[in-house]
Amino acid sequence: MSATIQTLAPAAEQPRQLPPQMTSRLEGELLEVSMGPQHPSTHGVFRMNVALEGEIVRRLKPVFGYLHRNHEKIGENTSYLGSMPYTDRLDYFCSMTNNWAYALSVEKLAGIEVPERAEYLRVILAELTRLQNHASLLGFLLSDMGAWGTPLMYAFREREKIFRVAIWFAHDVRLHAFRRMPS
Amino acid sequence: MTLESLEQIKGRAQAAVPGAKIDIIPNTGPSQQSSLLIDNEHALAVARFLRIDPALQLDFCSNVTGVDWLERTLKKKVKVKKVVDGEEREVDETTEEKIPGYLEAVYHLYSMTHKHGLVVIRMRTADRADDARLPSLNSIWRSAEFQEREIFDLYGIRFDGHPDLRRILMWDEFQDYPMRKDYREPDDYEYEPTPHDAVLARAREHYAPRPHLDGAENITPQQ
Amino acid sequence: MSEQIDEGLRSELQRQGIWVTSMQDLYNWGRRSSIWPLQFGLACCAIEMIATAASRYDLARFGGEIFRPSPRQADLMIVAGTVTKKMAPQIVRLYNQMPDPKYVISMGACAISGGPFKEGYNVLKGIDRYIPVDVYIPGCPPRPEALLHAFMELQRKIDEQKLTGADRAEHLNAAQPSEFPVPAFGAHDLEPPANPDVFEPPKIDRT
Ligand code: SF4
């Protein structure tokens, strides 16, 4: 672990006058804190090496790769359809929009035209995904702003309702449209 | 403002950057996405031209990715005139051309100002060695910083002039370049009880020898 | 239910207004009814975990509503999502920081075996390579009902734990390790690729 913590570059900027409530014993000194990858306030696994001066974040180095699932490498060995379920899992709040984007690029690559009915279905599913995505966003955002719990409960209640509608179009849609891996 | 054709861009870039060598790599598939191959020496100057030229203003680099090209042989049929049985005839002859392997970095460029795009540019390394080098375009498009780091991490292209070239997705102690075609992942897989295809081939390597039966599973039953 | 008390006598007494129980029942009832999970999500399965904890599925009905941000206060780790090799050492570290008794639910195909990403170079092929797992839930992602089922299975397991005797619960056995070595980042893979004390690869029988 210690080897992966990068030392942040020395300060080059001018010292700034801090407001009185923010001065502390640490003033002028930088405290390096590794925040994450498991931290209740990070959504997902993400680490930040932050240099703090009292309460102020002076510098920040993001460290990612904790959810690097090598989609690309797996895609080398699967068929075009076989890659489809992986696109669900790229962004699991927006899975069907990701499916659509991937389908569009494959269609462009192969010169395929989709029937009109499919276009309608895609738009409907993408809109439903968007609705549930925004519902969750509001819930999480308010949670992060201090309204712990309650907004999230409302958001997830609406989300479940949207899933019940989505099931009419694609069987068993919750997070992912695909639960099986076609190969 | 509509985007000029690649030929026009190429001509103007070569006029603006004397000595620059730009090739158009055609794409004959349905997507018709041809790209510009720019030489490493003048890459920065050409990229700067693409960015600041008033008619182009490609100010948004949306995606940078790498490609690994293994060594390959290109077979071509050529019509050759030959003297056969005293008379001159046209004969088909296949020539084989060996293309050495190289790595490529591909940049996808758009213009936010003029709302046009996509222009694809690529750069090629000389070979697939561990310290294959390319100039970094990070000074032209800031958004290339993390993506060039990713290419360094996964393909092992070193970008000259990159401010902070470290591994980004894998841990720092990692030594391989996993997106290269010849990468072999560590063999730490439990094989399924009923493997098939590629998994079967790998599972076979782990089977304990069975001298009394060996070879039996390869015999196909007689019709 | 405890074997020491005669069931007939017990219900007879209960009718008289006297409640008889054993220390073990009381202890297990208490622990089973307030399993606090660690607030810890890795990938897509974590969203289903949140959905289980939120309205409609409501994990609180089973006593598991308080997701603790700190491993020091948690009883249960729900490994929800893909465990990458880069993340695996931190998970083992989090597990080591949890106080005994502690339980692990391996949620989803990824946490069990690597799932859809099993062939990848950066995906750990199952968290049970480094830490012991109590309940596995298949699915990609498992539906919230499946997580509730796993939770009830865990409660059943806790209910059956003994306080004394040779077959007492693991955390009461001083010889059982409660911390496991944290894998190190190696040049090509994690080192070691699996903890041989915890994990034994399945044997392929080819007769
Ligand atoms: S099992 Fe499926 S849903 Fe769960 S983390 Fe893995 S890919 Fe995502």
Side-chain angles (χ1 to χ4, degrees), chain A residues 1 3-4 34 36-45 47 63-78 82 85-86 88-93 95 132 136 139-140 143 149-161 163-164 172 174-176 178-181 183, chain C residues 38-58 60 65-71 77 81-91 93-94 97 108-110 114-124 138-145 182-185:
Chain A
M1 178 79 162
T4 55
S34 168
Q38 203 276 322
H39 190 277
S41 72
T42 58
H43 290 263
V45 276
R47 184 167 126 216
V63 182
F64 12 63
Y66 293 98
L67 192 49
H68 175 51
R69 299 193 278 193
N70 30 78
H71 291 270
E72 269 183 282
K73 190 78 184 174
I74 293 172
E76 283 179 2
N77 292 329
T78 46
Y86 292 100
D88 269 327
R89 285 148 182 86
L90 294 175
D91 171 2
Y92 19 88
F93 271 116
S95 51
Q132 63 95 358
S136 325
F140 282 118
S143 260
T150 316
L152 198 69
M153 294 291 162
Y154 283 116
F156 270 73
R157 188 189 65 186
E158 303 310 317
R159 194 165 171 261
E160 295 292 340
K161 283 182 191 160
F163 284 146
R164 296 184 75 173
D172 198 21
R174 280 183 61 83
L175 285 194
H176 303 324
F178 288 87
R179 299 200 157 221
R180 188 181 70 90
M181 296 277 159
S183 54
Chain C
L38 180 61
Q39 184 185 343
F40 167 61
L42 291 170
C44 359
C45 278
I47 311 303
E48 285 297 68
M49 184 178 75
I50 297 168
T52 317
S55 40
R56 182 169 160 127
Y57 291 103
D58 199 7
E65 77 270 38
I66 309 185
F67 277 76
R68 302 311 301 179
S70 160
M77 178 191 252
T82 317
V83 184
T84 59
K85 287 181 179 166
K86 197 167 175 180
M87 190 64 196
Q90 343 285 350
I91 294 179
R93 206 168 273 130
L94 282 170
Q97 285 172 357
C110 284
F117 304 97
K118 187 171 180 138
E119 286 147 58
Y121 49 86
N122 193 25
V123 174
L124 187 73
C140 182
R143 286 185 65 91
E145 290 93 332
V182 179
F185 290 133

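In what follows, every chain begins at residue 1, and chains take the letters A, B, ... in the order their sequences are listed.
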Under a 4.5 Å heavy-atom cut-off, does chain C meet the side chain of A/Ile74, its backbone, both or neither? side chain
Please state whether the side chain, the backbone, both or neither of A/Phe140 comes within less than 4.5 Å of a heavy atom of chain C. side chain
Suppose we screen for ring pair (Phe, Tyr, Trp, His ring centres under 6.0 Å). Which residues come up paired with C/Phe40, at least two apart in sequence or across chains? none
Which residues share a ring pair (Phe, Tyr, Trp, His ring centres under 6.0 Å) with A/His39, sequence neighbours left out: none
Main-chain N/O of C/Pro116 paired to A/Tyr86 side chain as donor or acceptor, under 3.5 Å: yes
Any donor-acceptor N/O pair, A/Gln38 side chain to C/Gln39 backbone, under 3.5 Å: yes
Top contributor to chain A contacts, counting heavy-atom pairs under 4.5 Å, from C/Pro69, C/Ala43, C/Gly41: C/Ala43
Pairs of heavy atoms under 4.5 Å with chain A: top-ranked of C/Gly81, C/Ala54, C/Pro89: C/Ala54
Please report the closest heavy-atom contact between C/Ser55 and A/Phe156, naming both atoms and the distance. OG-C, 4.1 Å
Shortest non-hydrogen separation from A/Arg69 to C/Thr82 and the atoms involved: NH1-OG1, 2.7 Å
With a 4.5 angstrom heavy-atom cut-off, which part of [X] approaches chain A: side chain, backbone, both or neither?
{"X": "C/Tyr57", "answer": "side chain"}
{"X": "C/Ile91", "answer": "neither"}
{"X": "C/Ala46", "answer": "neither"}
{"X": "C/Ala109", "answer": "neither"}

Please check if atom OH in A/Tyr154 has more than 12 non-hydrogen atoms from other residues, nucleotides or ligands closer than 6.0 Å. no
Measure the [atom1]-[atom2] distance between [X] and [Y] for me, rounded to the nearest 0.5 Å.
{"X": "A/Arg47", "Y": "C/Gln90", "atom1": "CZ", "atom2": "CD", "answer": "7.0 Å"}
{"X": "A/Met153", "Y": "C/Asp58", "atom1": "CE", "atom2": "CG", "answer": "7.0 Å"}
{"X": "C/Ile50", "Y": "A/Arg159", "atom1": "CD1", "atom2": "CZ", "answer": "8.5 Å"}

Side-chain heavy-atom pair [X], [Y] within 4.5 angstrom cut-off:
{"X": "A/Arg89", "Y": "C/Cys140", "value": "yes"}
{"X": "C/Lys86", "Y": "A/Val63", "value": "yes"}
{"X": "A/Val45", "Y": "C/Leu42", "value": "yes"}

Output field: ring centroids A/His68/C/Phe117 closer than 6.0 Å: no
